[in-house]
Amino acid sequence: MFDFRKLRYKSVNLPLRIFGAGGYRCILIAAFLISISVIGIKAQNFTPVSTSDTSSVSPPRSEADSVVRSVIVNRTFRVETLNVSGGAELITIFAKAGFDDRSSTDGEVPLISILRDTLGDDLAENDRLRYLWVLTYANPSLTQKITAAIPFLYQRTTNKTKAGNGPPRPIADIQPLNRSLWNEIFMAALKKFILDDFAIAVKAPISQYRRNTKDYKRASVAQALALLAVFQATGNEQVLSDSEMKDIQARLMLSDNYLGSLMLPENLERLHEARTEKSEITRSQNWDLLRQFADAQDLYFQPLKMPDGTATHALVWVAEEDLVVNRNRKFNERFLNIKSPWNDPRLARWEGYSEIRWFDEENRIVEPDSPNAHSRKLIPLALYGLDFPKIPILLVDFRNTSNPHRREMSRRILDDLTRNLVGGSVFTNPAVYLGRHIFDFVVRRKGIDINQASRLNSYAQLKLLVLLNESLDPEFGKEIAKRVEAVSLNPLQNDLQV
């Protein structure tokens with residue numbers, strides 16, 4: 001008689017006999033990778049209706065509607081609504097990108113699409129928001145994926161040149177099903193109990209790829225939040241209600257939180273208001289801090305505002321005539337985190353971008369034809385993000401591109417070293433963990449911009465500001481965009497033009 005127990009014993013111990021002690025571990029990782037691939041394929045099968053496919057577009061909700069309804073919100077934004085078969089609407093926000101003439105319709109770029117389930121009726125009370133797409137959040141190319149897994153590579157490499165044939169991935173589900181929570185729990189368990197036991201040659205590429213993937217999504221979420229805030233402030237009554245906009249923004253704010261999908265819908269508005277109030281307080285504190293230190297060093301402070309009037313970034317300039325007057329002056333770089341301009345030979349022979357501005361006797365900017373107005377040539381020194389905890393964050397150094405790049409890399413390098421080599425968590429190595437927190441506390445109090453939290457949100461907002469700000473000189477906007485791309489650490493990112 002055939003003994004099934006022997007067969008069962010052999011089948012269970014086959015991986016151990018073939019692969020050794022790591023057999024089960026290898027099979028578990030392979031099963032995990034296959035399951036992730038299958039989940040990704042299933043997610044891609046959710047295909048929204050293309051605007052070019054009119055056969056699947058449902059009839060209008062009423063005779064007065066057309067299949068595609070377009071609403072001009074202002075010179076910056078336009079909204080297009082497409083009826084989708086099955087009782088839904090696809091709402092797409094277009095923006096005037098670049099530095100074109102905003103009075104025309106040329107140069108429009110679709111940035112965000114939102115799927116609203118209408119249940120096939122005309123009642124707005126039972127409508128439900130579902131998926132949100134950030135249309136710049138593209139599936140990376142094979143080259144980008146490979147370079148994103150290279151340990152200690154902190155540089156954007158190539159662009160994705162082809163959009164592909166499939167639909168873009170939704171970046172958020174406004175009505176989550178708690179699937180993301182279980183994915184995060186599974187990934188945390190996999191990393192803790194399996195990946196950490198492997199050598200650095202195995203776990204370092206996996207950790208690097210996961211970090212770059214999460215950062216890529218976080219940057220797209222930050223762009224979506226900034227765009228929706230600007231769009232909401234400039235008028236959106238025709239398409240999305242105020243409560244819908246707050247729900248969308250609240251869900252995006254929770255996208256980086258493990259327990260975010262458990263948030264009840266009735267609490268989303270309170271979360272949005274609390275986060276918005278905290279962000280406004282942070283911006284105002286950093287505004288005052290940066291302005292005071294710039295004034296104390298005889299530099300010129302200029303806030304940069306979004307189209308809705310919100311100042312999320314600021315520029316610091318130096319006057320060319322002050323370079324001679326203050327040649328031997330001591331420079332305090334606290335909170336500015338740039339080198340002294342007074343003894344810098346590069347500024348003495350500056351050939352980069354500059355502006356001529358007019359000032360009155362009290363050193364206030366006035367029009368050129370104002371009484372007693374005199375001109376000064378201003379040279380940009382640095383650009384800062386104001387929507388950042390603790391201190392204004394340096395994003396662009398016009399004299400030294402590597403300065404913000406090194407500061408951005410400092411935390412990534414320390415994280416990767418402690419994660420892959422030392423294991424600096426509170427459980428495995430509490431001394432390293434405590435030392436890092438003490439160091440972070442000291443540099444924040446001193447205003448030293450190293451080893452700070454990532455600048456992802458500030459850079460994402462800055463890219464949007466460059467695209468939508470009408471007050472920036474076109475050449476200066478292109479110069480800022482070029483320097484922002486030079487600082488990017490993520491191989492999955494594409495440049496602003498793409």
Spacing of Leu290 atom CG and Gln285 atom CD [to the nearest 0.5 Å]:
13.5 Å
Do the side-chain N and O atoms of Arg270 and Asn267 include a donor-acceptor pair separated by under 3.5 angstrom?
yes
Taking only Lys NZ, Arg NE, NH1 and NH2, and the carboxylate oxygens of Asp or Glu, determine whether Glu408 and Arg412 approach each other closer than 4.0 Å.
no
Are any non-hydrogen side-chain atoms of Arg156 and Asn490 less than 4.5 angstrom apart?
no
For the pair Glu244 and Gln249, evaluate side-chain contact (heavy atoms from CB on, under 4.5 Å) and give the outcome as yes or no after the intermediate values.
CA-CA 9 Å; Glu244 286 179 326; Gln249 294 176 30; over 6 Å; no
Distance col, row Ser141:OG vs Ile146:CD1, nearest 0.5 angstrom, shows 8.5 Å
At their closest point, which heavy atom of Val396 faces which heavy atom of Val484, and how far apart are they?
CG2-CG2, 4.0 Å
Tell me whether Ser207 contacts the main-chain N or O of Ala204 through its side chain, where contact means a donor paired with an acceptor under 3.5 Å.
no
Indicate yes or no for a side-chain donor-acceptor contact from Lys160 to the backbone of Ala138 under 3.5 Å, with no hydrogens or angles considered.
no
Taking only residues two or more places apart in sequence, or in another chain, which ones meet Lys217 in a side-chain contact (heavy atoms from CB on, under 4.5 Å)?
Tyr137, Ile171, Val221
Closer than 4.0 angstrom, basic N to acidic O: yes or no for Arg130 and Glu89?
no
Is any side-chain heavy atom of Lys482 closer than 4.5 Å to a side-chain heavy atom of Lys478?
no
When you look at Ser113 and Leu135, which way does the side-chain contact (heavy atoms from CB on, under 4.5 Å) test go after all the steps?
CA-CA 7 Å; Ser113 291; Leu135 301 179; 3.7 Å; yes
Mind running side-chain contact (heavy atoms from CB on, under 4.5 Å) on Asp117 and Leu129 for me, showing each step along the way?
CA-CA 6 Å; Asp117 187 1; Leu129 298 172; over 6 Å; no
Which pair of heavy atoms, one from Phe388 and one from Asn286, lies closest together, and at what distance?
O-ND2, 2.7 Å
Applying side-chain contact (heavy atoms from CB on, under 4.5 Å) to Thr213 and Lys145, what does each step give before you reach the verdict?
CA-CA 9 Å; Thr213 303; Lys145 291 180 179 179; over 6 Å; no
Minimum heavy-atom separation for Gly385 and Ser458, please, with both atom names.
CA-OG, 4.4 Å
Is there a side-chain contact between Ile114 and Ile112 (heavy atoms, below 4.5 Å)?
yes
Would Asp247 and Arg251 pass as an ion pair if we require N to O under 4.0 Å?
no
Which pair of non-hydrogen atoms, one from Trp317 and one from Pro380, has the smallest distance, and what is that distance?
CE3-N, 3.4 Å
Where do Leu252 and Ala224 come nearest, in terms of heavy atoms and distance?
CD1-CB, 3.8 Å
Looking just at side-chain N and O atoms, do Ser402 and Asn400 make a donor-acceptor pair shorter than 3.5 Å?
yes
Do Leu289 and Pro392 have side-chain heavy atoms sitting under 4.5 Å apart?
yes
Taking Tyr131's backbone N and O only, do any of them form a donor-acceptor pair with Asp173's side chain (distance below 3.5 Å, no angle check)?
no
Using a distance-only test with no angle check, is there a side-chain donor-acceptor pair under 3.5 angstrom linking Ser279 and Arg283?
yes
Which one of Leu304, Leu315, Leu394, Asn337 satisfies the side chain to side chain contact (heavy atoms under 4.5 Å, CB included) criterion with Tyr384?
Leu394
In Å and rounded to the nearest 0.5 Å, what is the CG to NZ distance from Leu492 to Lys214?
14.0 Å
Over all heavy atoms of both residues, which pair between Pro168 and Trp133 is shortest? Give the atoms and the distance, please.
O-NE1, 3.1 Å
Would you say Leu111 and Leu227 make side-chain contact, with heavy atoms under 4.5 Å?
yes
Using the ring pair (Phe, Tyr, Trp, His ring centres under 6.0 Å) criterion, which residues pair with Tyr209? Sequence neighbours excluded.
none
Any idea how Tyr154 and Phe152 line up, ring-wise: parallel (<30°), tilted (30 to 60°), or perpendicular (>60°)?
perpendicular
CZ/Arg116 to CD1/Ile91 distance, rounded to the nearest 0.5 angstrom?
3.5 Å
Write out all pairs satisfying ring pair (Phe, Tyr, Trp, His ring centres under 6.0 Å) with one or both partners inside residues 263-283, taking only residues at least two apart or from two chains.
none
Phe94 six-ring centre to Arg78 NZ/CZ under 6.0 Å and within 45° of normal:
yes
Does the side chain of Leu386 come within less than 4.5 Å of Thr312's, by heavy atoms?
no
Quick one: pull up NE2 in His313 and CD1 in Ile393 and give me the separation to the nearest 0.5 Å.
10.5 Å
Using the test side-chain contact (heavy atoms from CB on, under 4.5 Å), find all partners of Gln292 that sit at least two apart in sequence or belong to another chain.
Asp288
Is there side-chain contact between Leu383 and Asp397, with at least one heavy-atom pair below 4.5 Å?
no
Quick one: ring pair (Phe, Tyr, Trp, His ring centres under 6.0 Å) partners of Phe398, sequence neighbours excluded?
Phe476
I'd like to know whether NZ of Lys305 has more than 12 heavy-atom contacts from other residues, nucleotides or ligands below 6.0 angstrom.
no
Side chain to side chain donor-acceptor pair (under 3.5 Å) with Tyr216: which residues, sequence neighbours excluded?
none
Take atom CZ of Arg128 as the centre, draw a 6.0 Å sphere, and report whether it contains more than 12 heavy atoms from other residues, nucleotides or ligands.
no
Report yes or no: do Thr158 and Thr143 form a side-chain donor-acceptor pair below 3.5 Å?
no
Do Leu395 and Pro404 have side chains that approach each other closer than 4.5 Å (heavy atoms only, starting at C-beta)?
no
Under a 3.5 Å threshold, yes or no: a donor from one side chain and an acceptor from the other, between Asn159 and Gln493?
no
Test item: Ser488 side-chain N/O and Glu485 main-chain N/O as donor-acceptor pair under 3.5 Å
no
